[in-house]
Structure formats: C-alpha cells, structure tokens
Amino acid sequence: MSNKLKNYLQESSAYRTLEDIEKLNDEHENLTWVPMLPLYFSLKEGTEDQIVETLPKLDQKQRQSLIDIDGWDKDSFDIYALDRWCALLSYTKNVEVIDEFVRSNDFKLYLKGRFNIYTFDVENPLYPDHDNFFTTDDDSFLFEFESDFKFVDEVKYLIKNLYASLGVEKANEEILTLISDSFLVLQEEAYDSKKDRLRDFGYVDYFEALELKQCLGTKALSAFIKSKLQNKGLSPQLENEELNQTHFAKVVSSFQVNFESILDELELVEDEKRMDYLQFNFNRLINATLVLSNAFKNEEISTGSVGEQSKQRINLALSYLKARFFNQLGNQSTFEYFDFYDLYLIGNSLLESSWKQLKHWLLKYNFTDKNKYFLGDRFNLFIEDIEANGFKIRQNGRLEVIDDFERYQIFQNQLDLVFNLVPIVDKFRVIVTEIKRTKRSKSFFRNYAVSELDFEAIILTQFANYTLGNFKKKNKKKYSLLDTEFYRFFREIYREEKYKEKLHEFLNFSGLDIIDGIAHYLQDIVNDHIGYIEDSELESIDLHYISGFLILNQKSES
C-alpha cells in the first residue's frame, strides 16, 4: 500500500519548474489537471510573462486559490499582495479571466482597503488637494490612493471591466454598497470562504497549523500515546480532488532520502481507505509546516530546512514508538493507530519538552546569553547544536540528526548531565568571584584573562592539582598550575593514562561522583583541550595558547 505515498513523492519530484509542467501537458489543452500546490510554487518562481500566459490556461477554482494563498497574512487580507495580482490579471487582457476577478469579493475587499472612495458630483466637484486620485468614466465616484501607488492604470482598467461586466447601474450600486460596508465585516466573511475553498487542496490555515507547535510534557505525551493505542485511527472518506493533490519538488526533496523506515511501515497498512487518508494527511502536514515558516509568502522558497525538520520529528516518533511500545503494536503498522500529525506531535514533544525545561533551568541560575560562556565550550557547543543546528548531537566529531530512539537517548543523557551540573557550575562561580577579589592584575594567568574564566578551566585545574598532590597541604587554595606542574601533569598523568583512574578519585574527593556521566564528561574535556598535543611538541608549545588549564604567570604567586 505504500506505493501511494511513493507515487506522491515521485510525482512531486517531477514538478520542478513551470517549464516542467508545460512539458507534461502534451495530452491536455490546458493546465486544469495540475495539482494546486505545484502550480502555486512553480508560478511563484516563474516570470511575469509566464504567469500572464499561464493564467488563462487554469480554471476559475485554480485562479481563485492562487489569490487565496497569496492574499492573506494569517487572518488579515493583504491588500499589498493583491497589487501584484491586479496587475497580472489586467495584463492577460483575457475577458473571462478579468470578468471573473472583478466580480469577486477579493476585488471589492481590495478596493475597500486600498482606496478612499467617494461619491462625485460633476456639477459641484470636490477634489483632493493632491493629484493622487481618479474618477470613474461616468464621473460617479472618485478613488483616492497613496502617493507611492504604482498600479493606477491597471486598477482603472479593471474598474472599466467591472462596469462592462455588470453594466453602469449595477456597478454603481456595487460601489455604493462598498462605501457603506465595514472592511472588517467583509474581511471576516472573505476569510471564512477562503478557508473552505482551500481545504480541498490540503492547504492549512495559519491558526490550524499552530497545532503543530504543541509540546506535550512527559505525562501528557504518555497519556496521548496510550489513548491512541486503544483504538485504531479514523479514516474519513476523501473526495477525488483531495486524493489527487501532490506537491512541488523543492518542498518534498527532503523526503527522498532517509525516509525508508516510514515507507516500510506504510507497507503494513492493508486498508486502502486508510492509506488514502494517510497520504492526504501527509500533504496537510507539509503544508502546515510551510504556513508556520511563512514559506508561501517569502520571495525565496527555503523549504528544505522545513522538510528536514518534519522528517526528523516523524522518523524520531516512529523509532520511539516501535522501541517503547513494541508489545502493544506487535506486527501491526504504527500507522493503523497514528497519522502523520500524531507522529509530528510526538517527535516534537520529545525534542522540545525537556529542552524547554533546561532553558528555564539555565535562566533560574542566571546563565543568560551574556554569561552562558561560563558553562564551558562543550556545554555551549551542545546548546548551539540544539538551538542553531536544529536538534543535532555530536558523535565521534560528526553532527548527527536526532531522528531515532538511540540518538534520542544520547541526547537525553547529555541534557540530564547539563541539568544536574548547572547548580554545581553556579557554585564554581564563587571561585571566580574570589579570584577577582584578590585585585591582582589581568595577567595573573598566562593563558586566561580573569573575565574569560569558565567552568572547564577551573574544574580541570582543580583535577590537575588533585592528581599532583597539591591539595594535601591543609588550607591551601590553589587555582592555577606552574609551568612545571602542567608539564608534569601532561607527561606523568595524561600521557600515561593515569588520569582515567584518577578521575574517579577526584570525583569522590569533590563529591561530584553522584552525577551520572560526569566521569565521561571530564575525560572528554581533558581530551578536548590537550588531546592534540604530541610529546615531542610539548616544550615548544607556547603556553599562552593552552586552554582548559589555568597556568600561572611566572611573576605571579599561586
């Protein structure tokens, strides 16, 4: 049964440009067969001449849908987006196309929002004190516009066609009604009509798309999954127009790779009605993510990252469900119980929920953007990989997407480590405060300014001092290493790999051994800072450039 979604992806990959669509049109006299969203995005990338040439080849519903998508910003009518459509439609010089538009509610709403419209008396004319206006051919109305409005001739042409289409008397009645009507009332009515028209194409309204931003906490997510597993998912009967929808190549390109597990899972779906529903549900999910990222309104179509994000959450959810709820699912397809919206919600909640808790935890201990550096390079890189790189983790020096249960567990363990260490890192800031109170010079350390000190440098220096026996002297506070001490630590402790066993002693000594993963973390940051140094290079390395260990200036006292 998965052939339907495979076919969806394959067909979508054929819609790359308007020229590609035209090449597929050999057996048709027009383009009324083209699915709505490939048509929309191909026209969006097309030239003005291409769009003008294409519009008459579409049917009324297609043309209306193009305006429906472009002409709204959330629930507000975008009169500035309609400037372009008024121009394009007028350039077609096609009577049927223009007649259809000037009779539409969109044109009326556009006139109401773009112009100040007044009745006009030829015998006793009242003109504005500027030249930004025109009157209708019968001098019944005056239209006033902003000084930077560029499409005066195009709108005048459309108004002439309104009169030609309705007749003078009926057109005047329409404009009089327009003057008295409320813009907000007209907008609300048009908005409801627009939503209904686009639903058949799988287009998702902005406020419906906001469902994707839901983030369930651990208990709520568990309850959601259990409730879904109690009954198989519903599959409403779909119309042919809904089933025939597909997408634009750029939008679905992300799903051409690393989507095999989803397609394999769909193979287990036996009910054709369920498969039809899942295909349409997938289409709606992709459209919802595009709406939330404003991809329909942006000049540049940057849909790749949007697709990658959706794929990540879907893949993660499927892997999570199969790992954690294998006994309940058995040999049945996960898609018998969950649709693509459900999977996105689950994957998004897994990634976002604990991450939001950690951000709250960082703020609680005042680790803001200004002083987050004190956490150290490794924790900050972890945070950056989540925030800037879209939920990725580093494994063996490579960034990997968190899109399966195994990587999710690694991510969760790293989150827990940061979560548990933050209160302790905060206490280590006391050491920095004490160093600052000494009022020693900024060059107290050879390789760090006092303002640059972070947790990694302090904890590793403490570790090195412990392994060298420097803490055996009572009441000796030692926050740095002499040159000779650093060389000794490197040769005798690090290179001989004694540091691995010493780590556990140090953690027990400092009381940090209660934190899961702390030993592995300390081992990693030791390697981060000095793992690149060769024995033969040690004497020639400028200690000013050594990181992770606080090395005392020779003129200073430890």
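When only modelled atom types and interatomic distance are considered, Q309 and Y344 share a side-chain donor-acceptor pair under 3.5 Å. In summary, the side chains of Y479 and Q462 do not present any donor paired with an acceptor at a separation below 3.5 Å, with no hydrogens or angles considered. Under 3.5 Å, the side chains of D404 and Y320 contain no donor-acceptor pair of N or O atoms. When only modelled atom types and interatomic distance are considered, Y341 and N281 share no side-chain donor-acceptor pair under 3.5 Å.
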- [ ] Please report the C-alpha distance between D454 and Y448 in whole Å, then the side-chain angles of each, then the deciding distance to 0.1 Å, and finally whether the side-chain hydrogen bond (donor to acceptor under 3.5 Å, both in side chains) criterion is met.
- [x] CA-CA 10 Å; D454 63 23; Y448 277 87; 4.7 Å; no
I'd like to know whether L268 forms a side chain to side chain contact (heavy atoms under 4.5 Å, CB included) with E336, so could you lay out the CA-CA distance, the side-chain angles of the two residues, the decisive distance to 0.1 Å, and finally the verdict. CA-CA 9 Å; L268 302 176; E336 296 285 4; over 6 Å; no
Candidate pair L343 and F335, rule side chain to side chain contact (heavy atoms under 4.5 Å, CB included), full reasoning
CA-CA 9 Å; L343 293 185; F335 286 105; 3.6 Å; yes
Determine, step by step, whether V425 and I459 satisfy the side chain to side chain contact (heavy atoms under 4.5 Å, CB included) criterion, reporting the C-alpha distance in whole Å, the side-chain angles of both residues, the deciding distance to 0.1 Å, and the verdict. CA-CA 9 Å; V425 175; I459 193 70; over 6 Å; no
Requested in this report: Could you walk me through whether N348 and L212 pass side chain to side chain contact (heavy atoms under 4.5 Å, CB included), step by step?
Outcome: CA-CA 8 Å; N348 193 59; L212 289 182; over 6 Å; no
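Annotation: side chain of T368 is not in contact with side chain of L362 (no heavy-atom distance under 4.5 Å). Looking at L290 and V204, their side chains never come closer than 4.5 Å, going by heavy atoms from C-beta outward. Taking 4.5 Å as the limit, some side-chain heavy atom of I530 sits within range of a side-chain heavy atom of V526. In this structure the side chain of Q214 never reaches within 4.5 angstrom of the side chain of S349, judged on heavy atoms.
Annotation: salt bridge (Lys or Arg N to Asp or Glu O under 4.0 Å) contacts of R199 (sequence neighbours excluded): D196, E208. Under the salt bridge (Lys or Arg N to Asp or Glu O under 4.0 Å) criterion, R284 pairs with no residue, sequence neighbours left out. When the ring-ring contact (aromatic ring centres under 6.0 Å, His included) test is applied to F296, the partners found at least two apart in sequence or on another chain are Y40, F41, Y203. Scanning for salt bridge (Lys or Arg N to Asp or Glu O under 4.0 Å) contacts around D276 gives K4, with sequence neighbours left out. Scored by the ring-ring contact (aromatic ring centres under 6.0 Å, His included) test, Y277 finds no partners at all (sequence neighbours excluded). Remark: Y206 pairs with no residue by the ring-ring contact (aromatic ring centres under 6.0 Å, His included) rule, at least two apart or across chains. Residues passing the salt bridge (Lys or Arg N to Asp or Glu O under 4.0 Å) test with E505 are K502, sequence neighbours excluded. For the ring-ring contact (aromatic ring centres under 6.0 Å, His included) test, residues two or more places apart in sequence or in another chain that qualify with F509 are Y466.
Aromatic ring centres of F282 and F340 lie closer together than 6.0 Å. For Y521 and F379, the distance between ring centers is under 6.0 angstrom.
Using a 4.0 Å cut-off between charged nitrogen and carboxylate oxygen, K250 and E45 count as a salt-bridge pair. Electrostatic pairing of R394 and E400 does not count as a salt bridge here, judged by no charged N lying under 4.0 Å from a carboxylate O. One finds no salt bridge joining K195 and D68 here, because no Lys/Arg side-chain nitrogen approaches an Asp/Glu carboxylate oxygen to under 4.0 Å. Salt bridge R313/E308: absent, no basic N to carboxylate O contact under 4.0 Å. With respect to D403 and K311, no salt bridge is recorded, no charged nitrogen being found less than 4.0 Å from a carboxylate O.
The structure places CD1 of I402 at 10.0 Å from CG of L399, a figure rounded to the nearest 0.5 Å. How far CG of L550 is from CG of L460: 9.0 Å, rounded to the nearest 0.5 Å. The OG atom of S319 sits 9.0 Å away from the CZ atom of R407 when rounded to the nearest 0.5 Å. Atom CG of L415 and atom CD1 of I386 lie 6.5 Å apart (nearest 0.5 Å). In this structure, NE2 on H520 lies 12.0 Å from CD1 on I525, to the nearest 0.5 angstrom. With rounding to the nearest 0.5 Å, the separation of CG in L345 from CG in L350 is 9.5 Å.
Residue Q332 places its CD atom among more than 12 non-hydrogen atoms of other residues, nucleotides or ligands, all under 6.0 Å distant. Sparse packing is recorded around CG of L234, with 12 or fewer heavy atoms of other residues, nucleotides or ligands lying under 6.0 Å away. Open room surrounds CD on E406; 12 or fewer heavy atoms of other groups in view lie less than 6.0 Å from it.
Identified under the salt bridge (charged side-chain N to carboxylate O under 4.0 Å, His left out) test for residues 511-534, with sequence neighbours left out: R378-D524, R378-D528. For residues 356-370, the set of pairs meeting the salt bridge (charged side-chain N to carboxylate O under 4.0 Å, His left out) definition, not counting sequence neighbours, comprises D369-K372. Screening residues 528-552 for ring-ring contact (aromatic ring centres under 6.0 Å, His included), with sequence neighbours left out, gives F486-F549, F489-F549.
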Taking distance alone, no hydrogens or angles, what donor-acceptor pairs closer than 3.5 Å link side-chain atoms of residues 215-226 to residues at least two apart or in another chain?
none

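S480 places no side-chain N or O within donor-acceptor distance of the main-chain N or O of I551, the cut-off being under 3.5 Å.
Closest non-hydrogen pair, N447 versus L543, comes out as CB-O, 3.4 Å. Closest non-hydrogen pair, L503 versus A519, comes out as CD1-O, 3.7 Å. The minimum heavy-atom distance linking S333 with Y337 is given by the pair O-CD1, 4.0 Å. Residue L316 comes nearest to G347 through the heavy atom pair CD2-O, 4.0 Å, listed as atom of the first residue, atom of the second, then distance. Closest heavy-atom contact between Y15 and H247: CD1-O, 3.6 Å. In plain terms, the two heavy atoms of L229 and Q328 that are nearest each other are CD1-CB, 4.2 Å.
Between F255 and F259, the two ring planes are perpendicular [angle over 60°; tilted spans 30° to 60°].
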